[in-house]
Amino acid sequence: MDKDVSRDYPRLRYSVLPCNKSHSPGLPTVYANTFLSASFAELFTFPLDVTKTRLHLQGEAAELAAKGRTKRGMLGTFLGMAREEGLRGIYGGLSAMIIRNLFFNGPRVVFYDFIRQQLIYVDNQGREVLTVFRGFLSSSLAGCLAQAIANPLDIVKIRMQVEGSRRSLGYPARVSNVKQALEIIYSKGGVRSLWKGVGPSCLRAMLLTTGDVACYDLSKRNIISLFGLEDGRFVQFLASLSSGLAAGVLSTPTDVVKSRIMNQPVNERGQGMHYKNAFDCYYKLITQEGIMAMYKGFLPCWLRVGPYNIFFWIAFEQLLRMQGQSGF
């Protein structure tokens, strides 16, 4: 008789489900549901993303020279945006984010679903098995591939998110819409400038996707297996909470570096004027502002990705149920 490998290791090394190997509801369905769910979640959580980006950029030369303005915390930054810039400020860059969902969130969940289906196997007891390593491998590949596609829209989103701050400091606006932003970025540095910061962005996307996609998948499987619960909203809620915390902890340091590199001005040759590369940004960030600068914006990041994951995953799972599909 074949040896049951599930008895040789602690159960938490595996994420198991007591069923035969499932089939994906179809990549086009996964893509469409991901885009709709992500866009729905953005409507509630996007202001915290803008707050997070503003906090990431505090400490740069442009901010330090801002007419004596003192640094603000999370609440002060959010309330300041709402008071000084209104809805235009707290939702600045939302159009770029919605378009980005077409090129990042949609593809990364599709890539993850496709890769994990190749790596899931069924043990001798007829249970699906997805090891932690295989889940993290799937999410890392999926996140990096999706970010490589969506990088130009990430740059546009960050530029648009800081426009309100520039206007309040008396600087002229650089961009007013996605098309104009892409044209300006391309005119100043060519195709290369559209993929500025793609290195730290891919690292961040790998960690973020591991946190909010793989950890959701693995957490849900373990909760169902260990506690014998049905795949319902309560299980989805618990899994989305854990994935939101994991995503915030894993992605914040790379998110800070990504924001700084993408937002920095460039010279006539398309080279960054503040940082040479991601390593230079990490070095200056730590030596000039301290190690905790790596987690600037963590609280709004976590307050954003936590509710975002709840809204996203419950909406995503409900869309699957309405279409007669099994859970993710």
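Numbering of residues begins at 1 and proceeds along the displayed sequence.
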Pair Arg260 + Glu289, salt bridge at N-O below 4.0 Å = yes
ask   = Between Arg100 and Glu42, is there a salt bridge with N-O shorter than 4.0 Å?
value = no
Please check if the side chain of [X] supplies one atom and the backbone of [Y] the other of a donor-acceptor pair under 3.5 Å.
{"X": "Tyr31", "Y": "Leu102", "answer": "yes"}
{"X": "Trp313", "Y": "Leu241", "answer": "no"}
{"X": "Tyr295", "Y": "Val249", "answer": "yes"}
{"X": "Asn222", "Y": "Leu218", "answer": "yes"}
{"X": "Arg108", "Y": "Ala146", "answer": "no"}
{"X": "Ser37", "Y": "Phe316", "answer": "yes"}
{"X": "Asn101", "Y": "Asn105", "answer": "no"}
{"X": "Trp195", "Y": "Ala148", "answer": "yes"}
{"X": "Lys196", "Y": "Gln264", "answer": "yes"}
{"X": "Lys220", "Y": "Phe328", "answer": "yes"}

inquiry  = Under a 3.5 Å threshold, yes or no: a donor from one side chain and an acceptor from the other, between Gln325 and Asn33?
reply    = no
task = Answer yes if the side chains of Thr209 and Ser139 hold a donor-acceptor pair under 3.5 Å, and no otherwise.
result = no
message = For Phe136, I'd like to know if atom CZ has over 12 heavy atoms of other residues, nucleotides or ligands within 6.0 Å.
response = yes
Are any of the side-chain heavy atoms of [X] and [Y] separated by less than 4.5 Å?
{"X": "Phe111", "Y": "Ile149", "result": "yes"}
{"X": "Met74", "Y": "Thr51", "result": "yes"}
{"X": "Val257", "Y": "Tyr275", "result": "no"}
{"X": "Arg159", "Y": "Ile184", "result": "no"}
{"X": "Lys157", "Y": "Ile99", "result": "no"}
{"X": "Ser193", "Y": "Ile185", "result": "yes"}
{"X": "Leu238", "Y": "Ser219", "result": "no"}

task = Run through Ser243, Ser242, Ser240 and flag the one making a side chain to side chain donor-acceptor pair (under 3.5 Å) with Asn309.
result = Ser243
ask   = Between Thr34 and Phe312, which heavy-atom pair has the shortest distance, and what is it?
value = O-CE1, 3.5 Å
Full working for salt bridge (Lys or Arg N to Asp or Glu O under 4.0 Å) between Glu85 and Arg54 = CA-CA 13 Å; Glu85 305 166 35; Arg54 297 286 182 90; 2.9 Å; yes
key: Within 45° cone of Tyr112 ring axis and under 6.0 Å: Arg116 NZ or CZ   = no
